[in-house]
Each structure stands twice: as C-alpha cells, then as structure tokens.
K.L.:
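I'd like to ask you about the structure that follows.
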Amino acid sequence: MLQLFDSLSAQVRELRLRDEGRASIYLCGPTVYDLPHLGHGRHALVWDVLRRWLVFSGLEVDFVSNVTDIDDKIIERAAAEHVSEAELSTREENEWWRAMAALGVAPPNHAPHATAYVEEMVAAIVAMLDSGAAYELSDGVYFDTSRVGDYGALSGQSLDSLRAGARVEPNEAKRSPLDFALWKRAKEAEPSWEAPFGAGRPGWHTECVVMSLALLGEGFDLHCGGLDLKFPHHENERAQAVVLGQRFAQHWAHHGWVMVGEEKMSKSLGNFTSLTDLLGQTDPRAYRLLVLRSHYRSPLEVTPETVADAERALERLDALARRFSLPALAGERLELASDFDFSGEAGVLRARVSSAIEDDLDTAQALAKLFDATSQANVLADRGNPRGAAQLARAIGALCAGMGLRLHASDDEVDETSADLVSEREAARAAQDYARADALREELSRRGWIIEDTPEGPAMRRA
RNA sequence: GGCGGCGUGGCCGAGUGGUUAGGCAGGGGCCUGCAAAGCCCCGUACUCCGGUUCGAAUCCGGACGCCGCCUCCA
C-alpha cells in the first residue's frame, strides 16, 4: 500500500483506508474568481496522479473536490466587473473545468459548491455556538481557537507561538488574532443567506469541513491540498471538526509550489502564468510530465525552458508509441492495471514503477524506470526481439496511462495532397533521384509534416 | 521573532552511508542515399567548514546563501 508523507504526524506513513478496497479523498478546490494559473495546474495534476494510480491499482476511489463559489474575492471582483457574483463564479468555474479537461485531469466524483451547503454550515455554526466554541461579534460569528488544545498541530506550532507571530488584525474585537470567521454578516447588497445569528455568508474554513464530512463521512482517509492551505485553512478545518466532535481526515498531504525564479507563483504576487495561456501553446501532456518528474513536495520551476525540455522528453515516449504502434489509451474512464498483460519483463517494470510511486509518490523515480524501459524496448527491437520489445512497450504505455499520461502513436490523418507527395517521393527515392526526394520532403515539411523512413516504409507525423 | 523547507554535473530534477537516477542540451561513433527515429561511447556533480565512520554528496554540528508559512493564496 501507498506510503505517503502525513503533515500531521510529520512523517511518511502508510495511507490506511477506512474501508477496505476503497479510498476517500478530499481535495480543496478553487475559489472561482479568476483564471487558474500554473500553480493550480500542478495542484490538480499531483492529486490526479495519486487518484489515478489508486484506481489503476484496483481501488475504488471517492474523490471529492469543492468549488468555492461565494467569498470576499468573488464579491469584490463581481462588483468591479459590474456582474453578479453568480455570473462571475459560473464563468470562472467553467474556465476551470475547461483547463482541467485540457490537462487530462479526471473530474472529481463530487464537486460540491459552497452555496449548496449553506444550510449544513449554518447547523454546524449553531452547534459551535451552543458548545461555546464560537462567539458573536457585530460583524459575524467567530471561532474561539483557545478551545482547541492542540490548535497548531498541523503546522507544528503551539498556540502561543502562533499568537506571537500573528500580525495586527483589523478586527480588534476578536478574542485572539487567530480566531477566524465562521460567518460574515452581510453588508448592503451582498449575497446572503438567512441564519439564526443574522443574514450573511459562510466563512471559507467552514465550507470544507462541512462538505468533506457530508460527502465522505467521519474519519475519511485523506485530505490534501497546497502547502499554503496547511495554515490556516486546514488547521481551522481540523479545529472545527475537533469541537464538533467529529473524526476528521486520518491523513494530510500537501504539495509544493510552482516557482518563478526564486519566488512562489501566486495571485497576490502577480507573477503568474495562466493555465489557459500555457495550454494554448504547449501540449498539456508536457506539463503533466514536468510535474511527474519532480517530487510533489518539492518546489517546481516552470519556465519556457523547462516546459520545452519536458516537451522533448515527451517526444521520446511518443516515438516509442509510434515505433510500436501503441493503441491510444483514450477514453474518460480511469485506466486499470487489470486490463493489461503484465507478465515477464512487463511485470518487473510494473513492480519497479509501483514501488517508486508507493514510496511517497516518487513519480520522478517511476518515470526514470519508464525511460530506462524505453531504452530497453528499443534495444530489444534493434536486436531482433520484436515480440519482447512490443510487450515491454505496451507496458510502458499502460503504466504511463496509469499516471494519466497518454502516449500518442501517430494517428494523424494524412491529407490527399500530402499522401501524393509521399508517393512521389518514394518513386524518386526508388529512382535514386535524391535531389527530388529531398525537395519533396522539404515540401511536406512546409505543409507541417515530419517524414521518417522506416523499414516498413515512410511514416508521417505532424510537426 | 516562531515554525518549516531548500542549496546536486551546461539546464531541469530524483535519490542514497560504499554499486548508473532519469530527461534535455552537448561531443564522438553506428545505422541511413541524406535525414529522422533508434543504438553505443563520453562529462564524472552534490554550497562551505569541521566531526562521526574503513568509507559521506548521503549522518551530526556550525557557517553562508535562498525560499515559504505565521494575512487571502494550489
């Protein structure tokens, strides 16, 4: 079973499943007020890979990822654009799913919206008020962090040291600067929901704890998200679960940043590249490859150079797919190992890749094994073992698909004119008119085709 | 100030107490009409200073540099 770093115990340990054969995972999703950037892309890809691998390995996976569709940022942005909050969040959410689809990220089994769970959140807040873990101020309801003895456990800090580091809060009425809003009373013209403690909207931290428990139940297996969510967001979710008396996530996992030079990419720093921009000019699989070949907890540098590097690396795998005419493992369903033949060398490879991934999601190591196997398959084919080579190549394709990376054999439709040019070139070559043959290859190149002469004849692919 | 992380060959980027990471780029060769793809060979890295050890880039201590969280953030 998978060994995974757990942020709460601060060690790599086995991901234990509450229900045998079934994993329950919650991933904090986007607040939809702006375009997703490369950091969100990494976030989605890292956990998509984990999820796919579990499915590939034969587990049922309940994967829940929320959409925050009401929040201060949404209200601000909507006002600035003179559109309704709903209009803005719908638009941006569509953009999000478009980007996810382009990246090949499988949709969650559930994508709960904050606005659809307000009733449940109100009930939770009432319970916290009743138990004295929450208190009311003029502008809303706040959580009393002093009520949770081990507040800070997730971030490895004590209440005192957190308090010492807290910056001055605008709301001086809070009992502690660490206390956070469970409910914000509505100001003029803001979207709001009725509640016993006054009309308003839920705080962000309440949404995730309520929705994860509602959909996955108590003691679900894994809660994951970006490192920046560890504190305060996840800490606060956990604190609420504690005072609500509900068993919460049994394992916490956080992934690292996308870096721009020496800085974290973030919306606040304004140094971000939108996913839409990247996907417009790059094969999305190259970004997945880039993410896969670094460790999920390490910072990852994304520059035009590293992206181009990944594109060329991907080309090596695609070349393998072409050489062995690997079937396109397409389709919306997640791939299953049981659909493939992993006997012999293929099984050895599968074991290597599995043990790498199960070692705290060491996809870089897994990929290294796949590249080794790529050489191996090519060598086998070069040395007269086409069957062994093809079997290994199929395993490589399947294992890549298990991580969500689909290799492309060339299945480009060759248009009639180009096909004629290819025939002409073959004729020229047969007549040893190489000047003519090269001119035709040049012509095909201008038409966007790369032509390779193989023992089986000319092979065409899009440049 | 508190907490956490990082520093690897031209670039990206894993990992590890002694045995090849991997990719990309580069050089040489084979194959090819020439290419492409593929194969073979080549660089011999781990911030610095101490220490532990038969042996450390890997463990310990220190120094320097950098990053992040402590406020919204994947």
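Per chain, numbering begins at 1; letters A, B, ... match sequence-line order.
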K.L.:
To the side chain of A/D372, which of B/rG22, B/rA14, B/rA74 is closest?
P.N.:
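Of the candidates, B/rG22 comes closest.
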K.L.:
Looking at every strand, decide which applies to A/L227 at a 4.0 Å heavy-atom threshold: base, sugar-phosphate, or nothing.
P.N.:
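Nothing, no nucleic acid heavy atom in range.
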K.L.:
Walk me through it: do A/E305 and A/T303 pass the test side chain to side chain donor-acceptor pair (under 3.5 Å)?
P.N.:
CA-CA 5 Å; A/E305 289 72 31; A/T303 64; 3.3 Å; yes
K.L.:
Check whether any side-chain N or O of A/E452 sits under 3.5 Å from a backbone N or O of A/A459 as a donor-acceptor pair, and report yes or no.
P.N.:
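Here the side-chain-to-backbone pair does not exist.
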K.L.:
Would you mind reading off the distance between A/R322 atom CZ and B/rA36 atom C1', rounded to a whole angstrom?
P.N.:
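Nearest whole value for this atom pair: 9 Å.
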K.L.:
Have a look at A/G41 and say if it touches a base, only the backbone sugar-phosphate, or nothing, with a 4.0 Å heavy-atom cut-off.
P.N.:
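The answer is nothing, as A/G41 stays clear of every strand by at least 4.0 Å.
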K.L.:
Examine B/rA74: is either OP1 or OP2 under 4.0 Å from a nitrogen or oxygen in the side chain of A/K264? Give yes or no.
P.N.:
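No, no such contact exists.
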K.L.:
Counting only side-chain N and O atoms of A/S375, is one of them less than 4.0 Å from OP1 or OP2 of B/rC39?
P.N.:
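Affirmative; the distance criterion is met.
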K.L.:
Would you indicate which nucleotide in B/rG33, B/rC12, B/rC67 comes nearest to any side-chain atom of A/E301?
P.N.:
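Output: B/rC12.
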K.L.:
Quantified in whole Å, what is the P atom distance between nucleotide B/rC64 and nucleotide B/rG26?
P.N.:
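Nearest-Å result for B/rC64 against B/rG26 at atom P: 41 Å.
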K.L.:
The side chain of A/R312 lies closest to which of these nucleotides: B/rC39, B/rC24, B/rG68?
P.N.:
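When the side chain of A/R312 is considered, B/rC24 is the closest of B/rC39, B/rC24, B/rG68.
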K.L.:
Please confirm whether the backbone N or O of A/A249 pairs with a side-chain atom of A/H251, one donor and one acceptor, at under 3.5 Å?
P.N.:
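The answer is no, because no donor-acceptor pair under 3.5 Å joins these two groups.
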K.L.:
With sugar-phosphate meaning primed atoms plus P, OP1 and OP2, does A/A368 contact a base, only sugar-phosphate, or nothing at under 4.0 Å between heavy atoms?
P.N.:
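Answer is base: heavy atoms of A/A368 come under 4.0 Å of a base.
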K.L.:
Select one nucleotide: of B/rC69, B/rG13, B/rA36, the one nearest the side-chain heavy atoms of A/R461.
P.N.:
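Minimum distance to the A/R461 side chain belongs to B/rA36.
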K.L.:
For the side chain of A/D362, counting heavy atoms from C-beta on, which of B/rC70, B/rG2, B/rG15 is nearest?
P.N.:
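Per side-chain heavy atoms of A/D362, the pick is B/rG15.
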K.L.:
Could you tell me whether A/S298 contacts a base, only the sugar-phosphate backbone, or nothing, with contacts defined as non-hydrogen atoms closer than 4.0 Å?
P.N.:
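Sugar-phosphate contact only.
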K.L.:
Closest approach to the side chain of A/V379, judged atom by atom: which nucleotide of B/rC40, B/rG22, B/rC34 is it?
P.N.:
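So the nucleotide nearest the side chain must be B/rC40.
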K.L.:
Among the candidates B/rA21, B/rG23, B/rA74, find the nucleotide nearest to the side-chain atoms of A/H40.
P.N.:
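Of all the options, the side chain of A/H40 is nearest to B/rA74.
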K.L.:
Between the base of B/rC34 and the side chain of A/D453, is one N or O donor paired with an acceptor at under 3.5 angstrom?
P.N.:
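Check passes, donor-acceptor contact within cut-off.
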K.L.:
If you look at every heavy atom in A/A377 and A/A393, which pair is closest and at what distance?
P.N.:
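For A/A377 and A/A393, the tightest heavy-atom pair comes out as CB-N, 4.4 Å.
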K.L.:
Mapping A/E305 and A/S161 to their closest nucleotides on RNA chain B, which lands nearer the 5' end?
P.N.:
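Closest to the 5' end, via its nearest nucleotide, is A/S161.
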K.L.:
Quick one: on RNA chain B, does A/P232 or A/N378 contact a more 5' nucleotide (nearest heavy atom)?
P.N.:
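Its nucleotide being nearer the 5' end, the pick is A/N378.
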K.L.:
With respect to the side chain of A/F231, which nucleotide from B/rA21, B/rA35, B/rC69 is positioned closest?
P.N.:
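My answer, after comparing the listed nucleotides, is B/rC69.
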K.L.:
Taking the six-membered ring of A/W449, is the NZ or CZ of A/R462 close enough (under 6.0 Å from the centre) and on axis enough (within 45°)?
P.N.:
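Verdict for A/W449: a cation-pi partner in A/R462.
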K.L.:
Remember a base hit wins even if backbone is also touched, and classify A/H254 as base, sugar-phosphate or nothing at under 4.0 Å, heavy atoms.
P.N.:
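No contact.
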K.L.:
Does any donor-acceptor pair link the side chain of A/K73 with the base of B/rC72 at a separation under 3.5 Å?
P.N.:
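Indeed, a donor on one side and an acceptor on the other fall under 3.5 Å apart.
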K.L.:
What I want to find out is whether A/E315 reaches A/R312 closely enough, with some N-O distance under 4.0 Å, to be called a salt bridge.
P.N.:
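Not counted as a salt bridge, because no side-chain N and carboxylate O are separated by less than 4.0 Å.
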K.L.:
Indicate yes or no: does A/E81 engage A/R91 in a salt bridge with an N to O separation below 4.0 Å.
P.N.:
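Looking at A/R91 together with A/E81, the answer is yes, because their closest N to O distance falls below 4.0 Å.
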K.L.:
Say we look at B/rG28 and B/rC59: how far apart would their C1' atoms be, to the nearest angstrom?
P.N.:
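Each nucleotide's C1' atom is 41 Å from the other's.
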K.L.:
Quick one: does A/D438 reach the base of B/rG33 with a side-chain donor-acceptor pair under 3.5 Å?
P.N.:
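Between B/rG33 and A/D438, which were checked side chain against base, a qualifying N/O pair under 3.5 Å is present.
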K.L.:
Under 4.0 Å between any heavy atoms, over every strand shown, what does A/H233 touch: base, sugar-phosphate, or nothing? Just pick one.
P.N.:
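Answer is nothing: A/H233 stays at 4.0 Å or more from every strand.
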K.L.:
Tell me what A/G39 touches on the nucleic acid: a base, only sugar-phosphate, or nothing, going by heavy atoms under 4.0 Å.
P.N.:
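Since a base atom lies under 4.0 Å of A/G39, the category is base.
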K.L.:
Of the nucleotides B/rC70, B/rA25, B/rG23, which one has an atom closest to the side chain of A/D309?
P.N.:
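Nearest to the side-chain atoms of A/D309, counting from C-beta on, is B/rG23.
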K.L.:
Heavy atoms under 4.0 Å, any strand shown: does A/S155 hit a base, just sugar-phosphate, or nothing?
P.N.:
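Here A/S155 touches the backbone only, sparing every base.
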K.L.:
Whether A/R316 contacts B/rG38 is assessed here as follows: a side-chain N or O lying under 4.0 Å from the phosphate OP1 or OP2. Is that the case?
P.N.:
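A/R316 to B/rG38 OP1/OP2: side-chain N or O found under 4.0 Å.
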K.L.:
Give A/R77 one of three labels, base, sugar-phosphate or nothing, depending on what nucleic acid heavy atoms sit under 4.0 Å from its own.
P.N.:
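If one applies the 4.0 Å heavy-atom cut-off, A/R77 turns out to touch nothing in the nucleic acid.
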K.L.:
Using OP1 and OP2 only, check whether a side-chain N or O of A/H295 sits under 4.0 Å from B/rG13.
P.N.:
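No.
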K.L.:
Could you tell me whether a side-chain N or O of A/D453 sits under 3.5 Å from a main-chain N or O of A/P458, the two making a donor and an acceptor?
P.N.:
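No, because the side chain of A/D453 does not come within donor-acceptor range (under 3.5 Å) of the backbone of A/P458.
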K.L.:
Within the structure shown, what part of the strands sits under 4.0 Å from A/V258 by heavy-atom distance: base, sugar-phosphate, or nothing?
P.N.:
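Base, at least one base heavy atom under 4.0 Å.
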K.L.:
With heavy atoms under 4.0 Å as the rule, sort A/M265 into base, sugar-phosphate or nothing.
P.N.:
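Base: the residue A/M265, judged by heavy atoms under 4.0 Å, touches a nucleobase.
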K.L.:
Quick check: any donor-acceptor pair below 3.5 Å linking the side-chain of A/R441 to the base of B/rA35?
P.N.:
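Answer is yes: a donor-acceptor pair is held.
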K.L.:
Picking from B/rC70, B/rG38, B/rG13, which would you name as closest to the side chain of A/A364?
P.N.:
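Given the options B/rC70, B/rG38, B/rG13, the side chain of A/A364 is closest to B/rG13.
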